[in-house]
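Just so it is clear, the values below take in all heavy atoms, side chains as well, and ignore hydrogens, waters and symmetry mates.
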Amino acid sequence: MITKRPRGTNDLLPAQTSRWQWVEEMVRKTSSSYGYQEIRTPMFEHTELFERGIGEATDIVEKEMYTFSDRGDRSITLRPEGTAPVVRAFLENKLYAQPLPAKLFYMGPMFRYERPQAGRYRQHTQFGVEALGSADPALDLEMITLPISVYQACGLEGFSVNINSIGCPQCRPAYREVLLQALRSVEDELCGSCRSRMERNPLRVLDCKVPNCRAATANVPAMVESLCGDCGDHFSVLTTLLDRLDIAYVNNPRLVRGFDYYTKTVFELTVPSLGAQDAVGGGGRYDGLVEECGGPSLPGVGFAVGIERLLLALEQQGNQDFPQSRLDGFVVHFGGATKSEAVALVHELRRSGLQIEMDYQDRSLKAQMKAANRLGVRWVAILGGDEWERRVLNVRWMDEGSASEVSLDRAAEVLLRAKEEQD
RNA sequence: GUGGGUAUAGCUCAGUAGGUUAGAGCGCCAGGUUGUGGCCCUGGAGGCCGCCGGUUCAAAUCCGGUUACUCACCCCA
């Protein structure tokens with residue numbers, strides 16, 4: 001059906017776009033105050049970038065990508081996430097030759113072929129930040145404090161911060177063995193999917209939500225206890241910094257993220273009241289990704305925030321902080337001769353900087369007044385034959401219910417001043 | 001991909017012992033006031049009862065299938 005949007009997509013109607021624009025403004029302001037600059041990459045990339053970058057064995061690559069062949073027989077994929085494309089652009093444009101770290105942010109649609117549910121869509125919008133070329137834990141810290149600053153700028157309440165470290169290629173294999181051994185001893189208490197996960201990616205068993213699995217794995221050793229010296233130091237510097245800034249967080253040894261490229265720090269920001277899909281932001285460090293993508297051996301760290309989920313949480317909390325735009329005035333005419341005069345007046349008022357609306361259907365005075373009332377204008381200027389002859393406007397101030405006459409020649413000036421006085 | 005719920009007017013929803021022209025509130029349009037909004041009153045427009053098939057003299061209502069929406073699983077923003 002041509003009047004039906006594809007599953008998992010959304011139309012943003014005028015009633016919602018002012019809130020969106022306001023959130024986008026908070027995102028841009030906050031990002032630049034942290035020294036990040038916007039980068040815009042294509043909405044599609046060569047499929048290989050995501051296969052290599054995110055990892056062949058991840059859910060995204062295995063079953064969630066919008067992949068198709070273009071007319072030149074190239075395999076193309078609508079981007080399912082933002083980090084790999086940013087890394088690609090960083091390498092292609094040789095940004096590593098400029099002062100490091102490169103501090104970049106992006107905002108735009110991402111695509112994943114999933115069954116939609118509350119807070120999950122096939123096209124959704126992510127705001128993300130990447131810092132490339134430095135291993136400093138102070139940047140890991142920024143990846144947590146920056147989204148928090150965005151939330152606070154938007155007035156979001158009730159979110160919590162979970163952090164963990166999943167080590168690096170030096171220490172993770174050893175932990176994997178330790179974990180696997182511990183899991184084997186409780187294997188028959190685990191659910192079916194956990195048993196199959198054990199061999200492929202035992203870390204995933206840790207974030208299974210099945211109560212029995214959680215109970216069975218309650219006492220398995222945590223990754224943080226097996227970190228190598230470098231990873232351990234990195235993590236403790238980060239937690240020290242978080243404490244120093246009085247950022248409340250939860251050490252969550254079960255936090256494991258679904259992308260292969262993460263190393264060391266991983267974190268998630270959640271709003272529990274959102275329901276099943278409660279992560280409004282998440283990210284981590286990816287010290288091997290740049291090299292994996294064919295670039296120099298440079299570390300990186302980043303995060304992404306789901307704008308739809310943020311908006312969902314704000315609406316749920318009844319947040320009305322965004323500016324509601326209000327039309328200044330409505331020009332009423334009586335059709336016939338006054339119509340063209342009204343059109344000219346509307347044009348002049350708009351050019352003077354006022355937001356003006358009028359009737360386009362030659363409706364009755366009453367209907368026009370009603371329409372103006374619904375639009376919520378400050379005033380209605382009536383231009384009938386009577387007024388036109390006397391070169392005046394009959395201005396009705398809608399909030400007060402009062403009326404006054406304004407000379408037609410000075411209308412723009414007077415109405416503009418009235419607006420400035422009210423603001 | 002799997003499971004549950006739902007599908008009647010623009011919106012929110014009534015409407016099953018199957019039975020004339022399928023209803024309400026809100027919204028929209030018009031009139032009540034041939035030049036003054038909100039409140040009130042009156043009238044009007046607007047429905048393939050998701051779609052296909054079956055049962056029946058008769059289906060919005062019962063049965064089967066299908067599609068869409070929705071919530072959840074998996075996983076993620």
Side-chain angles (χ1 to χ4, degrees), chain A residues 1 3-10 13 15 54 57-65 79-83 106-128 147 150 159 191-194 196-197 201 204 207-210 255-259 266 268-271 274-283 302-313 330 332-335 338 359 361 363-388 394-403:
Chain A
M1 197 58 185
T3 56
K4 187 73 192 85
R5 67 179 187 272
R7 167 177 285 176
T9 62
N10 286 108
L13 303 178
I54 303 172
T58 58
D59 280 356
I60 288 187
V61 172
E62 276 183 350
K63 50 182 195 185
E64 296 173 2
M65 294 207 299
R79 62 180 182 194
E81 58 100 48
T83 301
Y106 60 84
M107 183 158 41
M110 302 296 163
F111 307 85
R112 291 182 201 171
Y113 191 90
E114 302 180 273
R115 284 283 287 269
Q117 70 186 80
R120 157 179 293 162
Y121 314 97
R122 288 187 172 181
Q123 176 180 330
H124 73 282
T125 309
Q126 281 186 17
F127 150 60
V150 170
F159 57 88
C191 70
S193 57
C194 276
S196 64
R197 265 190 291 236
N201 191 346
R204 282 288 182 71
D207 70 345
C208 181
K209 287 165 194 150
V210 177
L255 180 60
V256 179
R257 295 181 55 83
F259 298 170
V266 293
E268 226 166 65
L269 307 168
T270 58
V271 176
L274 278 181
Q277 308 305 323
D278 64 353
V280 288
F303 74 84
V305 163
I307 302 293
E308 283 83 356
R309 289 184 187 175
L310 173 56
L311 267 313
L312 226 47
F330 190 105
V332 168
H333 62 86
F334 287 75
T338 58
D359 173 68
Q361 292 162 105
R363 289 186 291 185
S364 68
L365 168 63
K366 176 173 175 167
Q368 292 188 52
M369 291 298 297
K370 234 171 149 159
N373 184 51
R374 297 246 166 73
L375 290 170
V377 298
R378 296 170 203 268
W379 49 260
V380 169
I382 298 171
L383 180 59
D386 192 35
E387 287 82 3
W388 176 241
N394 192 339
V395 178
R396 183 172 176 88
W397 300 91
M398 300 298 268
D399 293 344
E400 293 80 14
S402 60

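Contacts of A:E308 with the nucleic acid, taken as non-hydrogen atoms under 4.0 Å apart, are absent. Within 4.0 Å of A:E81, counting heavy atoms only, lies no atom of the nucleic acid at all. Using a 4.0 Å heavy-atom cutoff across all strands shown, A:R115 reaches at least one base atom of the nucleic acid. Counting any heavy atom pair closer than 4.0 Å across all strands shown, A:K366 reaches a base atom. Base contact: A:G385 has a heavy atom under 4.0 Å from a base atom. Counting any heavy atom pair closer than 4.0 Å across all strands shown, A:A118 reaches sugar-phosphate atoms only and no base atom. Among the heavy atoms of the strands lying under 4.0 Å from A:F259 are primed sugar atoms or P, OP1, OP2 only; no base atom is included.
Atom name P, nucleotides B:rA59 and B:rG54: the rounded distance is 12 Å, in whole Å. Rounded to whole Å, the separation between the P atoms of B:rA7 and B:rA45 comes to 28 Å. Separation of the P atoms belonging to B:rA77 and B:rC69 is 23 Å when rounded to the nearest angstrom. If you take atom C1' in B:rU2 and the same atom in B:rA58, they sit 40 Å apart, rounded to whole Å. B:rU55 and B:rC63 have their P atoms separated by 15 Å, with the value rounded to a whole Å. Straight-line distance between the C1' atoms of B:rG27 and B:rG10: roughly 7 Å, to the nearest whole Å. Using atom C1' as the reference point in both B:rU21 and B:rA17, the two lie 24 Å apart (nearest Å). Only the P atoms considered, B:rC49 is 34 Å distant from B:rC40, to the nearest whole Å.
Put simply, CG on A:L365 is 15 Å from C1' on B:rG32, counting in whole angstrom units. Rounded to an integer number of Å, the gap from CE of A:M369 to P of B:rG32 is 16 Å. What separates CG of A:D207 from P of B:rC75 is a distance of 6 Å, to the nearest Å. Going from atom CD1 of A:I54 over to atom C1' of B:rC75 covers 13 Å, rounded to whole Å. Across the protein-nucleic acid pair, A:R5 atom CZ and B:rA68 atom P stand 13 Å apart, rounded to whole Å. We find that CD1 of A:I307 is positioned 13 Å from P of B:rA77, with the value rounded to whole Å. Rounded to an integer number of Å, the gap from A:Q117 CD to B:rG1 C1' is 14 Å. A:D399 has its CG atom 12 Å from the C1' atom of B:rG37, to the nearest Å.
Among the nucleotides B:rG35, B:rC69, B:rA30, the one closest to the side chain of A:A367 is B:rA30. Checking B:rC69, B:rC29, B:rG31 against the side-chain heavy atoms of A:R374 singles out B:rC29 as nearest. Here the nucleotide nearest the side chain of A:E387, chosen from B:rG35, B:rC69, B:rA77, is B:rG35. Among the nucleotides B:rA77, B:rC75, B:rU36, the one closest to the side chain of A:R396 is B:rU36. Nearest to the side chain of A:D59, among B:rA77, B:rG37, B:rC75, sits B:rC75. The side chain of A:R7 has B:rC69 as its nearest neighbour among B:rC73, B:rC75, B:rC69. When distances are taken from the side chain of A:I382 to each of B:rG37, B:rU36, B:rA77, the shortest belongs to B:rU36. Comparing B:rC71, B:rA77, B:rC75 by their nearest atom to the side chain of A:R197 picks out B:rC75. Nearest to the side chain of A:Y121, among B:rA77, B:rG35, B:rA30, sits B:rA77.
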task = Test A:F111 against A:Y121 for ring-ring contact (aromatic ring centres under 6.0 Å, His included), laying out the working first.
result = CA-CA 8 Å; A:F111 307 85; A:Y121 314 97; over 10 Å; no

task = Verify side chain to side chain contact (heavy atoms under 4.5 Å, CB included) between A:V150 and A:V305, making sure each step is shown before the conclusion.
result = CA-CA 10 Å; A:V150 170; A:V305 163; 5.8 Å; no

Worked check of side chain to side chain contact (heavy atoms under 4.5 Å, CB included) between A:E308 and A:T125 = CA-CA 7 Å; A:E308 283 83 356; A:T125 309; 3.0 Å; yes

query = Stepwise, does the side chain to side chain contact (heavy atoms under 4.5 Å, CB included) test hold for A:Q117 with A:Q277?
reply = CA-CA 8 Å; A:Q117 70 186 80; A:Q277 308 305 323; 3.0 Å; yes

request  = Walk me through it: do A:L310 and A:F127 pass the test side chain to side chain contact (heavy atoms under 4.5 Å, CB included)?
outcome  = CA-CA 11 Å; A:L310 173 56; A:F127 150 60; over 6 Å; no

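Comparing A:S402 and A:P116, the nucleotide of RNA chain B nearest to each residue sits closer to the 5' end for A:S402. For the pair A:Q126 and A:A403, both in contact range of RNA chain B, the more 5′-proximal nearest nucleotide belongs to A:A403.
Contact of A:Q123 with B:rA77 (side chain to base): no donor-acceptor pair of N or O atoms is detected under 3.5 Å.
Contact between A:R122 and A:P116 at its shortest, heavy atoms only, is NE-CD, 4.4 Å. For A:A304 against A:Q126, the heavy-atom pair with the smallest separation is CB-OE1, 3.3 Å.
Using a cutoff of 4.0 Å between basic side-chain nitrogens and carboxylate oxygens, A:E268 and A:R257 are scored as salt-bridged.
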ask   = Dot-bracket for RNA chain B, 5' to 3', counting Watson-Crick or G-U wobble pairs under 3.5 Å, with [ ] for crossing pairs and | for inter-strand pairs?
value = (((((((..((((.....[...)))).(((((.......))))).....(((((..]....))))))))))))....

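With values rounded to the nearest 0.5 angstrom, A:Y113 atom OH is found 16.0 Å from A:I60 atom CD1.
With A:Q368 contributing its side chain and A:R363 its backbone, the two residues share a donor-acceptor pair below 3.5 Å.
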